[in-house]
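To find a chain, count down the sequence lines: A is the first, B the second, and so on, and within it residues start at 1. Everything numeric here is computed off the predicted structure, so don't read it as measured data.
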Amino acid sequence: MSDITTNIGRLRLKNPVMTASGTFGYGVEFADLVNLADIGGIIVKGTTLHPREGNDYPRMAETASGMLNCVGLQNKGVDYFCKHIYPDIKDIPTNMIVNVSGSSIDDYVACAAKINELERIPAIELNISCPNVKQGGMAFGVTSKGARSVVEAVRKVYDKTLIVKLSPNVTDIAEIALAVEDAGADAVSLINTLMGMAIDINRRCPKLSIATGGLSGPAVKPVAVRMVWQVAKAVKIPVVGLGGIMTTEDAIEFLMAGASAVEVGTANFIDPAVSVKIAQGISRWLDDHKYKSVHEIIGAV
Amino acid sequence: MKYNKILTVRAVEQVNAGHVLIRLTDDKTLPKPVPGQFVQVKVEGSPSTFLRRPISVNFYDEESNELWLLVQLKGEGTRTLATLKADDRLEVLFPLGNGFQQDVKPGERVLLVGGGVGVAPLLYYGKYVKEQGGTPLFLLGAKTKADLLEIDCFEQYGQVYLTTEDGSAGEKGFVTQHSMLDRAGFSFISVCGPKPMMMAVARYARATNIPCEVSLENLMACGLGACLCCVEKTVRGNVCVCTEGPVFNINKLTWEI
C-alpha cells in the first residue's frame, strides 16, 4: 500500500486531500455523509475580525461546468468562531484549518492573532483573493506589494503554519507567490475563484446581486493546473492546488503539476463524500501504477 | 440524520404537459421525512446540469416505501429527470431542511395554500395534519384547469378549494380572492408557491391575525448550509434557506407586507 501522507511546511496530512474553504462549512454539516477523519484537512469558512452579513441574494448562478458565487464572506466574526464554533470542531480528528480574511492589514493581523491562540487549529489559510468584497480581500492579492505587506504583518503574530491563498485574477501569479514566500509564508494555495459574470437575458440584468462573482468548478481546472505548474516551478515552499477538482484523476493532475496537496471545493456540493473518494482513489491509483509514495508524482511534470 | 442514497425509480408518471411525478423506492426502509422537507437530486445525463436540483417531498408512504417528487419541467435538468424509467437509479440527498409546523392539535383547521408546483409539499403535509386530528383545507391555484396538480390526491385528505386565473376551474382569480377566505377560522396557514402569491397570502394572514408560514425556494448549491448561496434576509440577518428553512414564519422574514 502506497504512502499518501504529505506535508505542508510543518503540517502533516494523512492524505493530500483537503476540503476548500466555503464549500464544506465547518465540517460538521457533512458529518452524516462522510467520515471527517478520512479527510486530509478541512479548511473552514472564511473568518473575519468583525461579523459580516455578506452580499444580497441572489449569490449563485449555475454556469457551464461550474458556478458563480458572490457570497461575500458571510460569517459571524472571529470572536464568535472562537467561542461557539471552535469547541464543536476542535476534536474532529483531522487538520482543522481556518481561512482568514479581512479588509485591512490590521483586521487580518487581529483575526490571525486570535486564531493563533487556538490549540487545535494547526494552520490558517490567509485569503488575499476573495473577489466578492468591495474593500480588501482580493485587493491585497493582486499586487506583489499588497500581498507582501499583509503576509509580513500576519507572520509577526502567527507562528503556526501559514498558507496564503492566491488570486488567479492577476497578470503573473508566480510573481505574487514569490513575494508571499519572501514575506514568510509556509505555503501557497491556488487558485481562488476566477472573476466572472452571467446575465439573465430575459430580465436584462446580471444574475448575481453584485453583478460579478467568482467562477469555480471544472470550468476553471485547466487554468488552475497551469497556474499551479507555474508557481510550483517558481517557489520553494509547498503549493496546495485547487480549482475544479471533481475526480481522482483531476487531483493527480494537480499533484503532477507540482502541488503537495489539493483542495476539493465545488465538488462537495454535488457529492458530499467526494473528498474521501478522491483520497482513496489516489491511494488506489498509486498502487495500480506501482508507486510507493505520493511524493514520486508530486511535480512529476 | 441525512442520507445520500441511490434510490430506485418505481415509476415516472406524466401529470400534465409541464409536470411529472417521480415515485422512488429502496430495498431498505426509506428514512421518514418531515412534511415540507426537500431532497437534492443528482441529475445524470444532462451535461448542462452541474449542480443538484432541490425538490420538495411531495409524498412519503411507509407502507409502499415510496418517496414522491412532483417535478416541474423547467430546464434541461428537470427534463432529463422526466426521462427516467422504472428501475432506473437516482442519487438523492435527503431529508433536508426544517419542514412545516409539526405541532398540530386535534380539531385545528389548517389552511394549506399552494400555487403552481408549490402545491407539491402540501399533499404530504395535508396527510400529516389529518393524522394529527386536524382538518386540512386546501386552497390551490393555477393559471388554468390544465395546470392544476394532483387534485384527486388532495381530496383524500380534506376539502379542496380551487382558483384559476382564467376561471376554467374553481373560482376565477388568485387564491387570495377565493370566497372561502371570508369564512376564516383557521388555526394557522402554510403556504408554498410563487413569491408574489406567498406575499399576498402573508398579507391576508397578518391582516386577519392568523399565524402563517411560507416555504421558500431560493436558488441553492449544496443544500447543507455550507455554500451560503440560498440566504434569505430575516430579523436575525441572512440565514440559509436550506437548513433554517425552507419553511419560515412570516414574522421572521423582512418582507414588506
A.B. asks: Given that the side chain runs from C-beta out, which part of A/T266 has a heavy atom under 4.5 Å from chain B: side chain, backbone, both or neither?
C.D. replies: side chain
A.B. asks: Quick one: CD1 on A/I270 to CD on B/Q40, what's the gap to the nearest 0.5 Å?
C.D. replies: 10.0 Å
A.B. asks: So for atom NZ, which belongs to B/K252, do other residues, nucleotides or ligands contribute more than 12 heavy atoms lying within a distance under 6.0 Å?
C.D. replies: no
A.B. asks: So if I take each residue of residues 222-246 of chain B and look for any heavy atom under 4.5 Å from a heavy atom in chain A, which residues do I end up with?
C.D. replies: B/C222, B/L224, B/G225, B/A226, B/C227, B/L228, B/C229, B/C230, B/V231, B/K233, B/G237, B/N238
A.B. asks: Are more than 12 heavy atoms from other residues, nucleotides or ligands located less than 6.0 Å from atom CD of B/E217?
C.D. replies: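 Counting other residues, nucleotides and ligands, CD of B/E217 stays at 12 neighbours or fewer.
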A.B. asks: Looking only at heavy atoms, what is the nearest atom pair of A/E62 and B/F50, with distance?
C.D. replies: OE2-N, 2.7 Å
A.B. asks: Name the member of A/A64, A/P58, A/P51, A/P272 that forms the most heavy-atom pairs with chain B at distances under 4.5 Å.
C.D. replies: A/P272
A.B. asks: Quick one: CG on A/D271 to CG on B/L93, what's the gap to the nearest 0.5 Å?
C.D. replies: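 Reported value, rounded in 0.5 Å steps: 9.5 Å.
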A.B. asks: Looking at A/L33 and B/Y3, what are the two nearest heavy atoms and their distance?
C.D. replies: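 Distance-wise, the nearest heavy atoms are CD2-C, 3.7 Å.
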A.B. asks: Name, in order of residue number, those residues of residues 20-27 of chain A that have a heavy atom at a distance of less than 4.5 Å from a heavy atom in chain B; otherwise write 'none'.
C.D. replies: A/G22, A/T23, A/F24, A/G25
A.B. asks: Please report the shortest heavy-atom distance between A/Y57 and B/L219, naming the atom on each side.
C.D. replies: OH-N, 2.7 Å
A.B. asks: Measure distances from A/N268 to the heavy atoms of chain B and classify the residue's part below 4.5 Å as side chain, backbone, both or neither.
C.D. replies: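 No part of A/N268 comes within 4.5 Å of chain B.
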A.B. asks: So how far is it from A/F30 CZ to B/K2 NZ, rounded to the nearest 0.5 Å?
C.D. replies: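 A/F30 CZ to B/K2 NZ: 9.5 Å, rounded to 0.5 Å.
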A.B. asks: Check each atom of B/K42 against the heavy atoms of chain A and say whether the ones under 4.5 Å are side chain, backbone, both or neither.
C.D. replies: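 For B/K42, side-chain heavy atoms alone lie under 4.5 Å from chain A.
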A.B. asks: Is the number of heavy atoms from other residues, nucleotides or ligands within 6.0 Å of CG (A/D91) greater than 12?
C.D. replies: yes
